[in-house]
Amino acid sequence: MKQVRIAFTFIAALAASGTFAQGKRDFDAEARAAVQSAKTAAGFEFLGTLVRVCLLPQSGGEDASDVVPPYIADPAKAPARDTWYAESAKVFDNLYFVGGKIHSSWALTTKDGIILIDTIYPYNSEELIVGGMKKLGLDPKNIKYLLVSHAHGDHIGGAAMIQSRYHPRVVMGGPDWDTVEKHPNRYKTTAPKRDIVATDGMKITLGGETVTVWLTPGHTPGTMSYTFAVLDRGKRLNVAYSGGTAFNFVNNTPDPGIKNFQTYIDSQKRMAGHAAGATVLLSNHSEFDNAVNKNRMLAGRGDGPHPYDIGSDWVQRYFQVMQGCARAAQIKLEQKVVEARN
Ligand SMILES: [Zn+2]
């Protein structure tokens, strides 16, 4: 009986995809439908994310090289300050934005110290994070935990500086700790010393507040996302934090591209489940959660709604955007497999 049901489900899936009904799949129509689902989910709220994963060309895969980034080899090559500088801001009673125009860093305060999430670049972490915290009355010496969502230069850049100066415990996904250790030149001056290896569902608790770490492999093999709570004028709101977005994995050949996209899609599905009940969506890129614009809106909020409190439906839609765009790209690789056979 069970086998019959499985067979039936399989045939139904084939029929739905067009394989059974027409003898061959209409890949273009399938990919268009996946992109359309992402566009519909994105609305005006998540245009930055939609553009990044559905419309802009993706890199061909992981960077296997080990070269010193130009902005480390020669600090004069760092992008001009006006391309990244943004004002730090108190966003919730206990959450502070200390990032820049494109990349974010967040400080979650508790009665026993600070949990810092992501550290942007080596050339701007000093001014944006350390300087930004001080401007808001926060003492960086109170950073007790540092969570690095993944080991890319735009999030790990200030990690070594913060670890050596303020001695927080540093949390990162196991495969990303490995990446850092394998590439001493790429992470020259930015690599923190190996500390806590994240596990799925790990709870980082400090001063009565908890950040739950979720492993969401895809963007990198060790990418972490989070759920935690913040206070808005005393009211508790649940936050989902997305730790990796673009298709930064081998994605231009069916093998291993199809599998890699599936890993990414599965992570977004799982994260959407963990985000059930969250009404705030945060990202480590301010271009994806509109942090800089929202901070501006927040300044003029008055008695109005909190601009980050977008409701659980919108939070769920964020993860649908990522899934729809990944599925569209995955379909194109499935098409390559079929065409190679014919
Ligand atoms: Zn990245």
Side-chain angles (χ1 to χ4, degrees), residues 17 19 25-42 46-67 69 102-103 148-156 172-180 182-183 186 214-225 242-272 283-285 287-288 317-342:
S17 70
T19 310
R25 288 172 61 183
D26 184 343
F27 290 102
D28 288 344
E30 284 182 41
R32 267 199 312 276
V35 168
Q36 189 53 50
S37 77
K39 282 185 177 169
T40 305
F46 300 126
L47 277 179
T49 310
L50 178 78
V51 167
R52 189 69 193 83
V53 287
C54 253
L55 306 177
L56 287 178
Q58 299 292 322
S59 76
E62 285 164 70
D63 180 6
S65 67
D66 183 27
V67 290
I102 302 165
H103 305 92
V148 179
S149 58
H150 65 269
H152 280 160
D154 46 354
H155 309 296
I156 200 172
M172 198 157 67
D176 284 27
W177 281 117
D178 295 344
T179 299
V180 167
K182 234 184 280 165
H183 301 92
R186 196 198 303 173
W214 302 106
L215 299 184
T216 50
H219 179 72
T220 68
T223 292
M224 313 189 296
S225 296
S242 173
T245 309
F247 304 149
N248 192 85
F249 42 81
V250 178
N251 58 51
N252 47 10
T253 54
D255 181 14
I258 291 173
K259 178 173 64 71
N260 288 347
F261 276 115
Q262 200 55 48
T263 300
Y264 179 98
I265 290 168
D266 291 345
S267 286
Q268 304 320 317
K269 275 191 194 153
R270 271 201 315 279
M271 192 53 204
S283 159
N284 48 9
H285 283 242
E287 58 185 323
F288 298 151
R317 286 166 74 159
Y318 187 82
F319 298 102
Q320 289 162 15
V321 174
M322 298 169 79
Q323 284 174 60
C325 297
R327 179 64 190 130
Q330 190 187 41
I331 287 167
K332 299 218 170 103
L333 295 180
E334 290 171 3
Q335 181 174 16
K336 277 192 187 175
V337 173
V338 170
E339 284 172 357
R341 263 195 228 126
N342 295 341

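Just so you know, these numbers come straight off a predicted model, no measurement behind them.
Of all the heavy atoms in Met322 and Thr245, the pair that sits closest is CE-CA, 3.9 Å. The two residues Pro217 and Arg270 come nearest to each other via the heavy atoms CD-NH2, 4.0 Å. The two residues Met172 and Ala151 have their closest heavy-atom pair at SD-CB, 4.2 Å. Considering every non-hydrogen atom in both Gly243 and His150, the closest pair reads O-ND1, 2.7 Å. Residues Cys325 and Phe247 share a closest heavy-atom pair of C-CZ, 3.8 Å.
For the pair Val338/Gln335, no side-chain contact is recorded, criterion being any heavy-atom separation below 4.5 Å from C-beta on. When side chains are defined from C-beta on, Ile258 counts as touching Val337, because their heavy atoms get closer than 4.5 Å. In this structure, Asn260 and Asn251 have side chains that are not in contact, with every pair of non-hydrogen atoms separated by 4.5 Å or more.
Residues Arg327 and Glu334 are paired through a salt bridge, judged by an N-O separation under 4.0 Å between the basic side chain and the carboxylate.
A donor-acceptor pair shorter than 3.5 Å cannot be found between the side chains of Asn248 and His219. At a cut-off of 3.5 Å, with distance as the only test, a side-chain donor of Thr220 or Thr223 sits close to an acceptor on the other residue. Defined by atom type and a distance below 3.5 Å, a donor-acceptor pair is present between the side-chain atoms of Thr216 and Ser225.
Between Phe261 and Phe249, the ring-plane angle classifies as perpendicular under the 30° and 60° cut-offs.
Proximity of the aromatic rings of His155 and His285 is defined here by a centroid distance below 6.0 angstrom, and this criterion is met.
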